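Accompanying notes for the structure given below.
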Amino acid sequence: MIHPAEMKDLETLANLAALLWPHHTVSQLMEEFSEILSTKSARCFLQFENGRAVGFAQCQLRQDYVEGTHSSPVGYLEGIFVREDFRHRGYGKALLAACEAWAKACGCREFASDCALDNLDSFRFHQALGFAEASRIICFTKQL
């Protein structure tokens with residue numbers, strides 16, 4: 001069962017997100033998701049099995065240029081995660097479908113995402129669910 005996350009789901013959402021983004025604390029993620037859940041340009045979805053939250057997806061509308069797209073706004077998958085012991089059951093696909101349906105209802109004609117160059121699991125997930133690779137980039141920074 002998938003449903004849009006609400007403020008009452010904040011801690012559940014943050015705990016799942018901390019498994020995807022371990023460099024953030026649950027409290028940092030609760031603060032971030034509190035802002036995300038308060039905006040109309042973003043949506044989070046939770047996947048449940050037998051009452052237990054087993055996955056989530058975060059998507060938003062991007063107005064700025066999105067690599068490989070030709071319209072605006074573009075629906076964008078910011079993050080998706082399914083607990084390891086619940087993978088390969090179609091939950092990621094269902095979460096993505098919820099994000100895509102929301103973006104389409106918001107007037108989007110395109111949907112995009114990204115992953116790190118070395119994240120082969122994410123790359124395979126995107127390919128399996130119909131994403132076409134638009135480009136590969138390496139980003140650089142330096143201290144001033």
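Values in this document were obtained by computation on a predicted structure and should not be read as measured data.
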Of all heavy-atom pairs between [X] and [Y], which one has the smallest distance, and what is that distance?
X	Y	result
Leu29	Ala17	CD1-C, 3.7 Å
Leu37	Ala5	CD2-O, 3.6 Å
Phe33	Ala14	CD1-CA, 4.5 Å
Ile36	Cys44	CG2-SG, 3.9 Å
Cys59	Phe45	SG-CE1, 4.1 Å
Leu77	Ala57	CD1-CB, 4.3 Å

For Ile137, check side-chain contact (heavy atoms from CB on, under 4.5 Å) against everything at least two apart and list the hits.
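If we apply the side-chain contact (heavy atoms from CB on, under 4.5 Å) test to Ile137, skipping adjacent residues, the hits are Ser135, Cys139.
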Please identify each residue that fulfils side-chain contact (heavy atoms from CB on, under 4.5 Å) with Asp118, with sequence neighbours left out.
Ala116
Can you tell me how far the OG atom of Ser113 sits from the CD atom of Glu67, to the nearest 0.5 Å?
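Spacing of OG (Ser113) from CD (Glu67) equals 13.0 Å.
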Let me confirm one number: the CG-CD distance from Leu13 to Glu6, rounded to the nearest 0.5 Å.
11.5 Å
Could you pull out all residues at least two apart from [X] that satisfy side chain to side chain donor-acceptor pair (under 3.5 Å)?
X	value
Ser41	Thr39
Arg43	none
Asp114	Tyr76
Ser38	none

Pairs flagged by side-chain hydrogen bond (donor to acceptor under 3.5 Å, both in side chains) wherever residues 9-18 is involved - sequence neighbours left out
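Every pair satisfying side-chain hydrogen bond (donor to acceptor under 3.5 Å, both in side chains) with a residue in residues 9-18: there are none.
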Which residue pairs pass the ring pair (Phe, Tyr, Trp, His ring centres under 6.0 Å) test with at least one member in residues 79-138, sequence neighbours excluded?
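Of all non-adjacent pairs touching residues 79-138, those that pass ring pair (Phe, Tyr, Trp, His ring centres under 6.0 Å) are His126-Phe131.
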Scan for salt bridge (charged side-chain N to carboxylate O under 4.0 Å, His left out) pairs involving residues 127-137, sequence neighbours excluded, and state none if there are none.
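For residues 127-137, and leaving out neighbouring residues, the salt bridge (charged side-chain N to carboxylate O under 4.0 Å, His left out) pairs sorted by first residue read Glu133-Arg136.
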Sequence neighbours excluded, every pair satisfying salt bridge (charged side-chain N to carboxylate O under 4.0 Å, His left out) that has a member inside residues 92-113:
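Residue pairs with at least one partner in residues 92-113: there are none.
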Side chain Ser122, main chain Asn119, donor-acceptor under 3.5 Å
no
Tell me whether Ser72 contacts the main-chain N or O of Gln63 through its side chain, where contact means a donor paired with an acceptor under 3.5 Å.
yes
Mind checking whether Leu46 and Met30 sit in one hydrophobic cluster, side chains of I, L, V, M, F, W, Y counted as touching below 4.5 Å?
yes
Transitive ILVMFWY side-chain link Phe56 to Leu129, under 4.5 Å
no
Show, in sequence, the C-alpha distance, side-chain angles and deciding distance for Arg83 and Leu19, and conclude whether the side-chain contact (heavy atoms from CB on, under 4.5 Å) test is met.
CA-CA 8 Å; Arg83 290 181 183 274; Leu19 297 172; 3.6 Å; yes
Taking only residues two or more places apart in sequence or in another chain, which ones pass ring-ring contact (aromatic ring centres under 6.0 Å, His included) with His24?
none
The salt bridge (charged side-chain N to carboxylate O under 4.0 Å, His left out) partners of Glu78 (sequence neighbours excluded) come to Arg62
Determine, stepwise, if the pair Gln58 / Ile80 fulfils side-chain contact (heavy atoms from CB on, under 4.5 Å).
CA-CA 6 Å; Gln58 175 193 349; Ile80 189 165; over 6 Å; no
Quick one, Cys106 with Leu61, criterion side-chain contact (heavy atoms from CB on, under 4.5 Å). Give me CA distance, side-chain angles, the key distance, then yes/no.
CA-CA 8 Å; Cys106 292; Leu61 304 178; 3.9 Å; yes
Determine whether the aromatic ring centres of residues His3 and Phe48 are separated by less than 6.0 angstrom.
yes
Heavy-atom distance under 4.5 Å between the side chains of Arg89 and Glu49, does that happen here?
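Answer yes - side chains close enough.
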What do you reckon, is CD of Gln28 surrounded by more than 12 foreign heavy atoms closer than 6.0 Å?
yes
